[in-house]
Amino acid sequence: MANPLTPDVLLDPVELTRALVDVESVSRDEKVIADCVEDALRRVGHLTVKRLGNTVMARTKLGRGQRVILAGHLDTVPINDNWPSTVVDDLIYGCGTSDMKSGVALALHLATTLPDPAYDITYLFYEAEEIESEFNGLNLVAEAHPKWLQADFAVLLEPTFGAVEAGCQGTMRVRVHTRGRRAHTARAWRGVNAIHAMGDALRRLEKYQARTVTIGGCTYREGLSAVRISGGIAGNVVPDECWLDVNLRFAPDRSEEQALAHLREVFEGYELEVTDSAPGALPGLDAAPARDFLGAVGIEPAAKLGWTDVARFAALGIPALNYGPGDPALAHAPDEHVEIGKIRDGAATLYRWLAPASDI
Ligand SMILES: [Zn+2]
């Protein structure tokens with residue numbers, strides 16, 4: 001296959017978005033798109049290009065005082081009758097248009113057309129973001145080549161519809177257990193009903209007042225939700241076991257340890273087991289490149305409510321945020337699309353931020 005990412009296509013982030021969408025790249029099947037991206041990056045002279053699996057890294061080495069990372073994942077969720085791309089008026093439809101090949105297109109367009117950025121830039125086009133984190137390209141790079149991730153600031157071009165989303169909430173899932181004693185329901189007094197014993201835990205959830213926290217101008221709304229419950233043996237048996245899965249989404253001023261301590265307080269008297277946990281990330285917008293970025297975008301950052309790879313950068317000590325042209329509400333949807341105007345705005349903003357002063 002000839003590489004569809006020709007020099008002409010690389011010049012236009014809209015055409016580039018379409019070309020990237022039309023290279024199918026469902027998670028674990030990113031070899032072809034990674035080959036195309038690597039080849040496009042190697043054709044320009046000003047970048048050092050390296051690869052790990054289906055993750056491609058390219059960077060400038062201009063000796064600037066600070067370095068920023070522009071990152072995007074190459075994979076998409078499975079195609080849902082929405083491939084290849086189509087254009088209707090000023091919308092591009094297709095799997096990955098919003099999440100996040102329009103964002104990848106911005107980074108690739110900059111990488112190949114901006115030889116002398118104001119900061120040194122590391123571009124990361126990585127594999128397997130949409131599936132279990134053991135496959136995540138950023139994770140693999142952090143283990144195998146931590147130097148590729150050295151930077152003062154990172155922008156993930158995930159869909160935000162042109163907004164700046166900083167930091168992200170942490171998430172923790174715990175299983176609340178109750179134990180009882182089995183008995184025939186005809187002699188229920190001989191047993192202890194584990195489902196009844198869960199009643200108080202559910203009432204605590206019903207009454208729970210979630211916090212709203214503002215950090216660095218970003219407002220985070222926490223949430224504590226029961227997400228699954230199970231118990232019971234048969235229609236005539238007092239159950240001896242019941243469990244309830246609860247998910248806490250917590251603002252990044254709490255660590256995972258503090259989140260767990262909070263859950264232990266809420267469910268005092270109950271047995272708890274942590275089944276899943278990921279830390280949040282503080283907005284961290286004090287670094288000079290971050291402040292310049294916010295100046296170029298010209299809007300105030302908002303809190304990211306979901307969990308994204310921003311937190312992976314935060315764990316490495318690199319302040320990071322999300323900024324991309326796609327609409328996050330359309331990510332993973334069958335009618336996924338992106339506005340052409342948002343792609344052009346995004347490209348113009350990134351140029352404003354990264355072009356050297358003499359070019360503007
Ligand atoms: Zn994404």
Side-chain angles (χ1 to χ4, degrees), residues 13 16-30 33-34 37 53-57 69-80 82-83 85 92-109 123-142 149 154-171 249 278 280-281 301-315 318 320-339 342-343 346 350:
L16 183 52
T17 298
R18 276 203 81 174
L20 287 165
V21 170
D22 290 342
V23 181
E24 193 188 320
S25 61
V26 177
S27 309
R28 309 295 284 145
D29 192 14
E30 300 100 326
I33 198 165
V37 167
N54 290 323
T55 295
V56 185
M57 185 278 288
I69 290 176
L70 294 185
H73 60 84
L74 293 172
D75 62 320
T76 69
V77 294
I79 285 165
N80 191 348
N82 56 358
W83 186 87
S85 66
I92 306 175
Y93 282 83
C95 185
T97 44
S98 166
D99 186 11
M100 55 170 287
K101 288 184 174 173
S102 50
V104 166
L106 295 188
L108 193 54
H109 167 66
Y123 300 93
L124 274 165
F125 302 96
Y126 64 100
E127 61 182 325
E129 187 271 349
E130 299 285 7
I131 55 172
E132 295 80 4
S133 65
E134 64 183 290
F135 302 111
N136 184 296
L138 274 187
N139 247 0
L140 301 179
V141 166
L149 299 179
V155 175
L156 275 161
L157 294 145
E158 288 278 7
T160 64
F161 208 46
V164 178
E165 294 182 339
C168 71
Q169 303 221 100
T171 174
R249 296 289 171 145
K304 178 77 192 169
L305 296 180
W307 197 90
T308 75
D309 277 337
V310 160
R312 275 184 223 283
F313 283 107
I318 304 167
L321 50 74
N322 283 308
Y323 171 76
D327 179 346
L330 297 169
H332 307 184
D335 64 338
E336 182 173 354
H337 57 263
V338 63
E339 291 183 14
K342 289 278 180 200
I343 300 174
L350 292 177

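Each residue takes its place number in the sequence, starting with 1. Order of appearance sets the numbers: ligands from 1, and atoms from 1 within every ligand.
- Judged by distance alone, with hydrogens and angles left aside, the side-chain atoms of N322 form no donor-acceptor pair with the main-chain N or O of V155 at under 3.5 Å.
- Residue contact annotation: E129 places no N/O/S atom under 2.8 Å from the Zn ion (ligand 1).
- Between the OG atom in S102 and the CZ atom in R18 there is a gap of 13.5 Å [rounded to 0.5 Å].
- Residue E158 approaches the Zn ion (ligand 1) most closely through its N/O/S atom OE1.
- For the pair E127 and S25, the minimum side-chain heavy-atom distance is 4.5 Å or more.
- Looking only at N/O/S atoms, D99 comes nearest to the Zn ion (ligand 1) through OD1.
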Could you walk me through whether L74 and N54 pass the side chain to side chain contact (heavy atoms under 4.5 Å, CB included) test, one step at a time?
CA-CA 9 Å; L74 293 172; N54 290 323; 5.8 Å; no
